[in-house]
Amino acid sequence: MTFGALRSEWVKLWSLRAPVWAVATAGVAVVAGGMLAAGAAPPGVDPLVARLEGVQYARFAVAVLGVLVATSEYSSGLMRWTFAAVPARWPVLVAKAVVVGGVTALVALVTVPVAVFAGGPGPVSPGDAGVLTALGGAVGQLVGIAVFALGTGALVRNAAAGIGIVIGAVAILPGLIGTVSADAARFVPGRAGEAMMTDTFWPNAAILLAWAAAGLAGAAYLLRRRDA
Amino acid sequence: MIDVLDVTKRYGRTTVVDGLRFTVEPGRVTGFLGPNGAGKSTTMRMIGGLDAPTAGRVTVAGRAYAEHDAPLRTLGMLLEAGAAHPGRTAEAHLRALAAAGSLPRRRVDDVLAMVGLQSAAGTRVGTFSLGMRQRLGIATALLGDPAAVLLDEPVNGLDPDGVRWLRELLRGLAAEGRTVLVSSHLMSEMTLTADHLVIIGAGRLIADEPLEAFVRRAGDGVVEVRSPDAAALRNLLLGPGVTVSASRPGVLEVAGLDVETIAARAAGAGVPVHGLTPRTASLEEAFMELTRTASEYRSVPR
């Protein structure tokens, strides 16, 4: 049954324009953003950091992807039919997370190495210090934010609210909280995601994972309690 | 078979469904009637396991909907027209739900053919007319080849051809031994389709009876008598508990006596009678009368 839910979410993702555009935008943002930033970077800027610039833009695209996959189903009323097919409900959420996370991972695995290693001045090679962490962190960050966005969308069931919350947590809150306490800012999804690439992978990955898991768990709980 | 067992549903302080109890039997079309706001849709969502009852329970084929291993084969639902994403094609919509319900892929083509949407399979639902969306909804309900079918206001948006098609479809489903529950706020449509009626108002059960019983009850007990000698007949019939009025010359409206008694008295006195008709109020009126007291959203009489 869970396999059926997975196949269903796969069909749903590719049969709408918006998610397909979001996936494509994320991929283009990683490569084009990285190349433009690397080309425009003044001397002295770490070429690796410049080439990962596009990942920061791609975060917005995968945030929209995650939120829309959850909310478009509520806004169209389709969720009732989906829940009729899968009355336990939570497998639907798990299937959505696997599909959104999996597709994001696939796009990131293809585009991040292209952005880092292809063309431009000051080439980066796979053996350089921090390169593997940066690659893994970039992929992990995008997957983590996409799944966090999915959980948030399923919690609020409204696209505008969901996108607002996720963009806030990714791009606005880190700076805002940073002005008060740099220590606290480390625990905000956006800052943890960046630190996965630029600092250490695991502790920061654990923070982002915790956010994503909390969003999904909260959504799964409400899914059981709320009338569809 | 669908059993609604003493179900109550409250939203905050508002009681939408109030101690409702009825059974939907297989092999016949059961019309689920009530004015708007009577609680029909809420009841149907509870049958399909989408809303949880505040009290009581609902079973489909003996078990709660969510406890079935193959729920889409047990019960198919049409809950609201157009509950498909407008950006998806009809075929992708059905394919996604067939996958979710672990149904074979060919069911998608089967139901598209059944509702006459094959040629629109690759068209985005957003471009559909209301009638086409209603057909897609019915196709979705039939996707699992279900033993029970639940359709909420399926007639809405259908053109006259579509209405006739739906009527035949529902009769066919019932003839195959399936359980069929169809809601409507229109009595006239149900008299053409339903074998049995469940009528609710303000969340409470008002009637649960065969269609014929309702039609019989709908009569108001007045008999119209046509006679060339109305004045003589009037004197023959008048008595305690009997009222006779004449709205047109040569026609008497008699309340308090049945057709047989009137005929016997007229024959006994040799008064010619040209017509004897028990008057039936229109079914729509009878239905409105029945639900008026219970209706929550009635218009204020002037």
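Predicted model, so just to flag it, every value in this text is computed and none were measured. Letters A, B, ... are given to chains in the order of the sequence lines, protein chains preceding strands, and every chain is numbered from 1.
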So with a 6.0 Å cut-off around [atom1] of [X], is the heavy-atom count from everything else above 12?
{"X": "A/Tyr221", "atom1": "OH", "value": "no"}
{"X": "A/Trp90", "atom1": "CH2", "value": "no"}
{"X": "B/Arg204", "atom1": "CZ", "value": "no"}
{"X": "A/Phe201", "atom1": "CZ", "value": "yes"}

Checklist entry - What pairs of residues pass the side-chain hydrogen bond (donor to acceptor under 3.5 Å, both in side chains) test when at least one of them lies in residues 54-65 of chain B, not counting sequence neighbours? => result none
Next on the checklist: Under a 3.5 Å distance rule, please check whether A/Trp81 uses its side chain to pair with a backbone N or O of B/Met77 as donor and acceptor.
Outcome noted: yes
Next on the checklist: Can a donor-acceptor pair be found, under 3.5 Å and without considering hydrogens, that links the side chain of A/Ser8 to the backbone of B/Ala96?
Outcome noted: yes
Checklist entry - At what distance, to the nearest 0.5 angstrom, does CZ of A/Arg80 lie from CG of B/Leu78? => result 11.5 Å
Next on the checklist: If I take atom CG from residue A/Leu16 and atom CZ from residue B/Arg124, how far apart are they, to the nearest 0.5 angstrom?
Outcome noted: 8.0 Å
Checklist entry - What part of B/His93 lies closer than 4.5 angstrom to a heavy atom of chain A: side chain, backbone, both or neither? => result side chain
Least distance between heavy atoms, [X] atom then [Y] atom:
{"X": "B/Gly49", "Y": "A/Arg89", "answer": "O-NH2, 3.3 Å"}
{"X": "B/Leu97", "Y": "A/Leu78", "answer": "CD1-CD1, 4.0 Å"}
{"X": "A/Ala85", "Y": "B/Gly101", "answer": "CB-N, 3.9 Å"}

Checklist entry - Side chain, backbone, both or neither: which part of A/Arg225 has a non-hydrogen atom closer than 4.5 Å to chain B? => result neither
